Amino acid sequence: MITQTPKGTRDILPSESYKWQFLERQIADLCADFGYKEIRTPVFEHTELFQRGVGDTTDIVQKEMYTFLDKGNRSISLRPEGTAGVVRSYIENGMASLPQPVKLYYNISAYRYEKMQKGRYREFHQFGVEAFGSKGPSIDVEIISMIKLFFDRLGLKNIGLNINSIGCPVCRKQYNDKLKEYLRPSLGDLCGVCNDRFNKNPLRIIDCKEEKCRKVTVGAPSILENLCEECKNHFEGLKSGLDNLGIKYNVDKNIVRGLDYYTKSVFEFISDNVGAQGTICGGGRYDGLVESCGGNPTPGIGFGLGIERLLLEMESQGIVIPEQKEIEIYIAAIGEEADIYAQKLVFDLRSKGIAAEKDLMNKSLKAQMKYADKLGAKYSIVLGEDEIKNSKATLKNMKKSEQAEIALDSLYEEIINRR
RNA sequence: GUGGAUAUAGCUCAGUUGGUUAGAGCGCCAGAUUGUGGCUCUGGAGGCCGUGGGUUCGACCCCCACUAUUCACCCCA
């Protein structure tokens with residue numbers, strides 16, 4: 001059907017769009033306070049970028065990307081997340097020669113071919129941040145505190161923060177070997193997917209929800225206890241930094257994140273109101289990503305925050321978002337002459353920044369008043385022959401039902417004075 | 001990819017053991033003595049009853065398929 005949006009997409013109608021605009025303003029303010037500048041990258045990139053950047057072994061790349069050949073026979077993919085494009089841009093535009101760290105944010109749509117569910121769409125929107133060049137835990141703390149403040153400003157409560165460290169390539173390799181050793185005898189008891197994971201990414205087995213796999217992994221060595229000295233110190237630095245800011249967190253050894261590029265710190269903000277898709281925000285450090293995409297070795301960290309899920313959470317917490325500015329004055333006109341006069345009056349008011357409306361449907365006076373009421377106009381005036389002849393009219397306060405005689409050429413001042 | 005639920009007006013939903021012109025509330029439009037909204041009343045527009053087959057004298061209702069929506073698994077924002 002051509003009168004239906006494609007699966008997993010939807011229209012954002014005026015009854016919703018003001019909420020999005022509100023969040024966009026909040027995001028811009030937040031990022032200004034933290035010194036993050038906006039970056040806009042293309043909706044599509046070369047498929048190889050995501051294969052390299054997000055990871056060949058991930059579900060996202062293997063089965064969820066919108067990939068197609070363009071007319072020049074290039075393999076193109078719609079972005080399934082925001083980080084890869086930003087990393088590409090960092091390298092391409094030589095941002096390594098900018099003052100470090102480079103702190104960027106974006107507010108984008110992203111695309112994944114997934115089965116629909118509450119809080120999960122094929123076209124979804126993400127507010128994300130990426131910071132390049134800083135390897136200490138202090139920027140990890142900054143980024144987490146930024147999200148925390150964002151939620152606080154929106155009035156959200158009870159959003160849990162889980163953190164973990166998944167180590168660097170060095171200690172993760174050692175840990176993986178240890179884990180494989182532990183799991184090898186019980187390989188037959190693991191699910192099929194985990195048998196695949198055993199060679200590709202054994203860390204993910206810890207995260208498996210299958211009952212039989214959990215049984216096997218109960219006593220498995222944890223990555224946290226097997227971090228190298230540097231990673232351990234980094235994680236301690238993150239925790240004490242959060243303590244210092246009074247940010248509560250829970251260490252969850254099972255957070256692994258589905259994207260391959262993460263190293264050291266990973267974190268997620270969780271709600272139980274959104275349904276099965278409770279992760280409102282997820283992120284972490286990716287110290288090897290810039291290099292593996294072809295840049296010089298550069299540490300990085302970032303997060304992605306799902307706008308749809310955020311809105312669901314705000315709704316379930318009963319948070320009211322202010323609507324667009326109301327119509328200040330409705331000018332009702334009777335007859336053709338008055339209508340022409342009203343057109344000019346409305347234009348003059350609008351030119352000066354006053355939201356004004358007039359009839360466009362040839363409605364009766366009564367219907368015009370009704371319409372003014374539905375628009376939520378604060379004031380109305382009625383223009384007929386007499387008013388135009390005398391240059392005077394009655395200004396009516398719609399809420400209080402009070403009326404006052406005013407001169408037409410002082411209408412602007414009268415409205416301003418009543419604000 | 002696996003499993004469940006659902007599909008009637010713009011929205012939220014009724015619709016009798018299968019029976020003749022398919023209903024309500026909200027919303028929209030217009031009126032209720034000629035120039036003033038909200039409350040009330042009256043009227044109107046608006047439905048291929050998701051699509052296609054089947055059973056039946058007869059299907060919104062029963063059966064099958066498809067499509068779409070939705071929830072969960074998985075994955076993730």
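Letters A, B, ... mirror the listed sequences (proteins, then strands); counts begin at 1. Computed from a predicted model, the values in this text were never measured in an experiment.
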Sequence neighbours left out, what passes salt bridge (charged side-chain N to carboxylate O under 4.0 Å, His left out) with Glu38(A)? Give chain and number order.
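Salt bridge (charged side-chain N to carboxylate O under 4.0 Å, His left out) check on Glu38(A) returns Arg40(A).
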
By salt bridge (charged side-chain N to carboxylate O under 4.0 Å, His left out), which residues pair with Lys378(A), not counting sequence neighbours?
none

Let me know the distance between [atom1] of [X] and [atom2] of [N], rounded to the nearest Å.
| X | N | atom1 | atom2 | value |
| --- | --- | --- | --- | --- |
| Glu308(A) | A77(B) | CD | C1' | 8 Å |
| Met65(A) | A77(B) | CE | C1' | 17 Å |
| Ile60(A) | C74(B) | CD1 | P | 16 Å |
| Asp11(A) | G10(B) | CG | C1' | 14 Å |
| Phe124(A) | C75(B) | CZ | P | 16 Å |

If you measure from the [atom1] atom in [N] to the same atom in [M], how many Å do you get, rounded?
| N | M | atom1 | answer |
| --- | --- | --- | --- |
| G53(B) | C61(B) | P | 14 Å |
| G23(B) | U40(B) | P | 25 Å |
| G10(B) | C49(B) | P | 12 Å |
| A14(B) | A30(B) | C1' | 28 Å |
| U12(B) | U6(B) | C1' | 15 Å |
| U16(B) | C62(B) | P | 10 Å |
| A24(B) | G15(B) | P | 15 Å |
| C28(B) | A45(B) | C1' | 9 Å |

Does either side chain, that of [X] or that of [Y], offer a donor lying less than 3.5 Å from an acceptor on the other one?
| X | Y | result |
| --- | --- | --- |
| Asn250(A) | Asn162(A) | yes |
| Glu313(A) | Ser271(A) | yes |
| Ser109(A) | Tyr111(A) | yes |

Does the A77(B) base have a donor-acceptor partner in the side chain of Arg112(A) within less than 3.5 Å?
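Checked by distance alone, the answer is yes.
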
Starting at CD1 of Ile329(A), measure out to CG of Leu375(A) and round the result to the nearest 0.5 Å.
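With rounding to 0.5 Å, CD1 (Ile329(A)) is 12.5 Å from CG (Leu375(A)).
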
Determine, for nucleotides 25-44 of chain B in 5'-to-3' order, which nucleotides have protein heavy atoms under 4.0 Å from the base (write B), from only the sugar-phosphate (write S), or from neither (write -).
---SS-----BBBB------

So do Leu156(A) and Met314(A) actually touch side chain to side chain, heavy atoms under 4.5 Å?
yes

Any heavy-atom pair between the side chains of Leu227(A) and Ser165(A) that's under 4.5 Å?
yes

Starting at the 5' end of RNA chain B, what dot-bracket string do you get if Watson-Crick and G-U pairs under 3.5 Å are bracketed, crossing pairs use [ ], other-strand pairs use | and unpaired bases use dots?
(((((((..((((.....[...)))).(((((.......))))).....(((((..]....))))))))))))....

Do you know which of Tyr105(A), Phe127(A), Tyr106(A), Tyr36(A) makes ring pair (Phe, Tyr, Trp, His ring centres under 6.0 Å) with Phe303(A)?
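Option passing the ring pair (Phe, Tyr, Trp, His ring centres under 6.0 Å) with Phe303(A): Phe127(A).
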
Heavy-atom donor-acceptor pair, Thr9(A) side chain to Thr5(A) backbone, under 3.5 Å
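Judged by distance alone, no pair lies under 3.5 Å.
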
Can the ring centres of Tyr113(A) and Tyr66(A) be said to be less than 6.0 Å apart?
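Tyr113(A) vs Tyr66(A): aromatic centres under 6.0 Å.
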
When you compare the protein's N or O atoms with those of nucleotides 66-71 of chain B, which come within less than 3.5 Å of each other, and at what distance?
| unit_1 | atom_1 | unit_2 | atom_2 | d |
| --- | --- | --- | --- | --- |
| A68(B) | O2' | Gln4(A) | NE2 | 3.1 |
| U69(B) | OP2 | Lys7(A) | NZ | 2.8 |
| C71(B) | OP2 | Lys118(A) | N | 2.8 |

Would you indicate what Glu268(A) reaches in the nucleic acid, counting non-hydrogen atoms under 4.0 angstrom: base, sugar-phosphate, or nothing?
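Nothing, no heavy atom under 4.0 Å.
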
Quick note, side chain to side chain donor-acceptor pair (under 3.5 Å) partners involving residues 143-154 of chain A, not counting sequence neighbours, are Asp33(A)-Arg153(A), Lys148(A)-Asp152(A)

Earlier contact from the 5' end, RNA chain B, for Lys63(A) and Ile280(A):
Lys63(A)

